[in-house]
Number of protein chains: 2
Amino acid sequence: MNAPVNARGRRANVMIGDPPSMTDLAAEALRGMILRGELAQGERVVENQLTGTLGVSRPPLREALRILQQEGLIEQLPRRGAVVRVLSLHDVYEIVTLRTTLETMAVRLAVPGTDPARLARLREALEIWEANAAAGREDLSTEDSARFHLALVGLAGHSRLEEAYRAIGLQLRMCMQLNRNARAGHESLTDRAARHRRMFERVESADVEAVLAELSDPASLSFVLTYAQDHPPTTAQSQAWLASLSQ
Amino acid sequence: MNAPVNARGRRANVMIGDPPSMTDLAAEALRGMILRGELAQGERVVENQLTGTLGVSRPPLREALRILQQEGLIEQLPRRGAVVRVLSLHDVYEIVTLRTTLETMAVRLAVPGTDPARLARLREALEIWEANAAAGREDLSTEDSARFHLALVGLAGHSRLEEAYRAIGLQLRMCMQLNRNARAGHESLTDRAARHRRMFERVESADVEAVLAELSDPASLSFVLTYAQDHPPTTAQSQAWLASLSQ
DNA sequence: TTACCTAACATTGTCTACAGAAGGCAATGT
DNA sequence: ACATTGCCTTCTGTAGACAATGTTAGGTAA
């Protein structure tokens, strides 16, 4: 058996990840701050302030901001700095529809014949989900859900698809963070856990259509209705979409 | 009528674009070098050499490289620099399948009722295509084709979809550049122009299924067979895909 | 002769500093 | 009292230099 080959193209029996660069660390920290809501939508992101907070100098921080922009979490205005992206209902429409398309593509590619190693990743994500749900960790549910769905998409063995899905997933978490406190009345944690387990079992039994049916469960879109209360539709598309969801 | 509002959020009767940053200029220049094949796949991209070539200092150049990485044109190896991405047949499989999914989604969203302004953009792209085809500018055909398809996707009014499609389109152009010289025997320039005009007319007549049928024309994938001659499939997926195309 | 070690070189990662632009504020004139 | 203009502060964009790491070539020993 071949020894694993790491990103450096070298064989290594003990795989040591590359030491993370300041850029990566800063990007990860910023992502967390945005997804946890510590940086609110529309809030200015001033470079010099963050250098103090994160203990990084400006060049790597600026590279991190570039990454966050590509991920759609911040918006950079030339010579006016960056702001945490403000997501309108039209943005939510875009995020949800694109996400559904990508996930559907992944399931169609992957589920017919699933690779065991990738399935193990999905199982692991499910177990984390269930453990945190059992512990009542409502605060981790969006993160855990994102991991599960990302692993689901990962089954397809399609790196570009997975990468696109990852970025969209971050933006979705950003919306859901905004509604975290307003989530009362929605689906319970245990219900959601059960839904994910059902989905996993249907993947195992290679029933493509059943998985897709599970994905289109309208319960997963209930947050949109809450979101729409504070963000009225500004485009015909998002308006029509909202109407179709409200039925 | 409201005065136009530029990116700075200010109203202006005479709109002046923001002065491009060195980062943007460097990114655009690098994109061109890769898409024209001046930087070959696998070639190292050394920062200090490019600062001389482009007349930019390293910080903006590094930010440009981050952008190119997100677009999938280069690959950055920690502490070992960047190389122009090498695209295997599996990569081509990923690019083409994802592209088809995105374009299909766009057509389904857009064609039923098309916005006149967006249609004008598509018409303009078509006219550029036809003008360059009439002039025998084979060298511009990939660029013109990319513009047309991007405008087609733009009909949907879905910025994230368009952005994802744009990035995938760049990677596709990168593959096709590699096969530019080996294109003899494929579809002629005038045939391709005619195909694009047919597609435009079908969009105008709002016939979704006809547009999709046009998009799935196997002639547009003929380059893959050439590509496969030098890049044998390395994954089961790409192998199966290639077989399905060869029929 | 070959394998390994070492040292010099090349290249990336990071920091500090400077220049230019944008926005706010105050002073002045109408 | 209000608008306008000029200045000042703050922030971004860019450059250049330093430090740390990876690579490679040359030398030495087995």
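Per chain, numbering begins at 1; letters A, B, ... match sequence-line order. What you see is a predicted model; the values in this text were computed from it and never measured.
Note: A:E130 CD to A:I128 CD1 = 11.0 Å, rounded to the nearest 0.5 Å.
At whole-Å resolution of the value, CG in A:L77 and P in D:dT12 are 11 Å apart. Taking atom CD of A:E47 as the reference point, atom C1' of C:dA21 lies 14 Å away to the nearest angstrom. In this entry the distance linking CG of B:N48 with P of D:dG22 reads 18 Å, nearest Å. As rounded to whole Å, 16 Å separates atom P of D:dC11 from atom CD of A:Q76. Distance, A:Q49 CD to D:dT10 P: 12 Å, rounded to whole Å.
Among residues two or more places apart in sequence or in another chain, the side chain to side chain contact (heavy atoms under 4.5 Å, CB included) test is passed with B:V96 by B:V92, B:T100, B:L172, B:L221, B:F223, B:W241. For A:D230, there are no side chain to side chain contact (heavy atoms under 4.5 Å, CB included) partners two or more places apart in sequence or in a different chain. Residues meeting the side chain to side chain contact (heavy atoms under 4.5 Å, CB included) test with B:Q239, sequence neighbours left out: B:P233.
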So if I define the base as every atom that isn't primed, P, OP1 or OP2, how would nucleotides 14-20 of chain C read as a B/S/- string at a heavy-atom cutoff under 4.0 Å? BBBB---

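In terms of modelled atom types and a separation under 3.5 Å, the side chain of A:S141 and the main chain of A:R137 share no donor-acceptor contact.
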Run the side-chain donor-acceptor check on residues 149-158 of chain A: report pairs under 3.5 Å with partners two or more places apart or on a different chain.
unit_1, atom_1, unit_2, atom_2, d
A:H149, ND1, A:E103, OE2, 2.6
A:H158, ND1, A:L161, N, 3.1
A:H158, NE2, B:E94, O, 3.2
A:H158, NE2, B:T97, OG1, 3.0

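For the segment residues 27-34 of chain A, no residue has any heavy atom less than 4.0 angstrom from an atom of DNA chain D.
Between A:R66 and B:R44, the residue anchored nearer the 5' end of DNA chain D, judged by the nucleotide with its closest heavy atom, is A:R66.
Taking the six-membered ring where the residue is Trp, B:W129 and B:H196 present tilted rings, their angle falling between 30° and 60°.
Phosphate contact (OP1/OP2 of D:dT12, side-chain N/O of A:R80, threshold under 4.0 Å): absent.
Two residues are said to be in side-chain contact when any heavy atoms from C-beta on lie closer than 4.5 Å; A:L87 and A:I95 meet this criterion.
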